[in-house]
Amino acid sequence: MNIDNKKLIYEGKAKKIFANKNPEEVIVQFKDDATAFNAAKKSTFEGKGELNCFISETIFKYLINQNIPTHYIRSNSKSSFIAQKVKIIPLEVVVRNTAYGSICNQTNIEPGTVLKEPLIDFYYKDDNLNDPLLTIDRIILMDIISQEELLFIKELTKKINSILMVFFSNIQINLVDFKVEYGRNQNGQVVLADEFSPDNCRLWDMKANNGKIESLDKDRFRHDLGDLIEAYSEISNRIKIFISST
Ligand code: TMP
Ligand code: ASP
């Protein structure tokens with residue numbers, strides 16, 4: 001399918017969304033671009049789009065098999081897949097299993113602390129406001145979603161976390177934290193949307209030596225920790241080996 005003839009509906013920092021012939025579907029295309037710190041830092045990595053597309057598709061298919069509703073429909077090309085057309089709910093839902101990143105800058109929790117329970121944080125998806133941390137009451141006050149839907153999203157996110165903690169530990173990866181987004185499809189159903197790739201999570205290699213943290217995710221780009229494509233390829237290769245053995 002030639003994507004050049006397709007109508008661009010939306011362009012984000014790491015993906016483009018095109019209209020498909022079927023009005024209930026869209027084409028999600030992954031770009032090679034990487035941004036960090038609200039796009040203050042930018043670069044391009046050849047092959048990132050294809051790697052993130054493969055990783056995202058594999059994870060969506062895995063979650064669908066475990067009865068998690070997602071927008072994913074079918075594959076399309078090496079760097080794109082077909083998804084349900086959804087209206088994105090403007091919340092960045094972050095799950096933290098181990099404390100790292102912003103939570104350590106904002107609290108007295110030491111980096112690397114394993115949390116007793118996964119922590120779910122909600123941020124307002126608005127680049128102009130720099131994606132601020134929200135409270136449950138603020139979400140209701142802002143009329144972003146209802147209390148029932150918020151509870152549904154929280155429970156679904158916890159379920160996704162439990163499934164993916166096991167998935168990643170099977171490939172010797174510690175799922176430290178991740179960000180997901182939800183959308184409302186044409187039937188009004190809330191489904192997991194956007195992507196699930198090393199751009200949006202922290203993945204630490206459990207094979208790393210001497211207790212040293214070895215990041216296999218976008219922290220490599222954020223903090224100049226090494227070759228990004230090498231890390232994403234490592235994740236992709238381990239996933240390929242794991243799914244071919246199951
Ligand atoms: P944080 O420690 O910066 O709050 O990030 C928590 C997780 O969310 C981490 O896995 C990176 C991911 N994340 C995004 O996917 N997009 C963002 O804009 C930010 C700030 C974090
Ligand atoms: N996604 C955000 C940005 O592009 C921030 C991040 O992931 O660090 O700027």
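First listed ligand is number 1; within each ligand, the first listed atom is number 1. We number each residue from 1, following the sequence as shown.
Scanning the protein for heavy atoms near atom 5 (O) of ligand 1, the closest one is R202 NH1, 3.6 Å. The protein heavy-atom contact nearest to atom 10 (O) of ligand 1 is D177 OD1, 2.6 Å. Among protein heavy atoms, atom 4 (O) of ligand 1 sits closest to S102 OG, 2.6 Å.
Between Y182 and H71, the ring center distance fails the sub-6.0 Å criterion. Aromatic ring centroids of Y10 and F18 lie 6.0 Å or more apart. Two rings, from F60 and F196, have their centers 6.0 Å or more apart.
When each atom of ligand 1 is checked for a heavy atom of Y100 under 4.0 Å away, the hits are 2 (O). Using a 4.0 Å cut-off to heavy atoms of G101, the atoms of ligand 1 that qualify are 2 (O). Using a 4.0 Å cut-off to heavy atoms of K179, the atoms of ligand 1 that qualify are 8 (O), 12 (C), 14 (C), 15 (O), 16 (N). Near C201, with a cut-off below 4.0 Å to any heavy atom, the atoms of ligand 1 are 10 (O).
Residue contacts with ligand 1: R222 is included, with a non-hydrogen atom under 4.0 Å away.
For E92, every heavy-atom contact with ligand 1 shorter than 4.0 Å involves the side chain, none the backbone. At a 4.0 Å heavy-atom cut-off, ligand 1 does not touch K13 at all.
Formation of a donor-acceptor pair under 3.5 Å by the S236 side chain with backbone atoms of Y232 is not found in this model. Between the side chain of N185 and the backbone N or O of Q189 there is at least one donor-acceptor pair closer than 3.5 Å. With hydrogens and angles disregarded, a donor-acceptor distance shorter than 3.5 Å links the side chain of S197 to the backbone of D199.
For the pair K154 and F122, the cation-pi criterion (under 6.0 Å, within 45° of the ring axis) is not fulfilled.
There is no protein heavy atom closer than 4.0 angstrom to atom 20 (C) of ligand 1.
Ring-plane geometry between F45 and F221 is classed as perpendicular, the angle between the planes exceeding 60 degrees on a 0 to 90 degree scale with a lower cut at 30.
Heavy atoms of other residues, nucleotides or ligands lying less than 6.0 angstrom from NZ of K31 number more than 12.
For the pair R202 and D177, the salt-bridge criterion is met [side-chain N within less than 4.0 Å of a carboxylate O].
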Notebook entry, point to check: Yes or no on side-chain contact (heavy atoms from CB on, under 4.5 Å) for E46 and I229, after CA distance, side-chain angles and deciding distance?
Noted result: CA-CA 8 Å; E46 200 187 328; I229 294 298; over 6 Å; no
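For ligand 2, the protein residues placed under 4.0 Å by at least one non-hydrogen atom are K13, T35, A36, F37, N38, A39, K218, R222.
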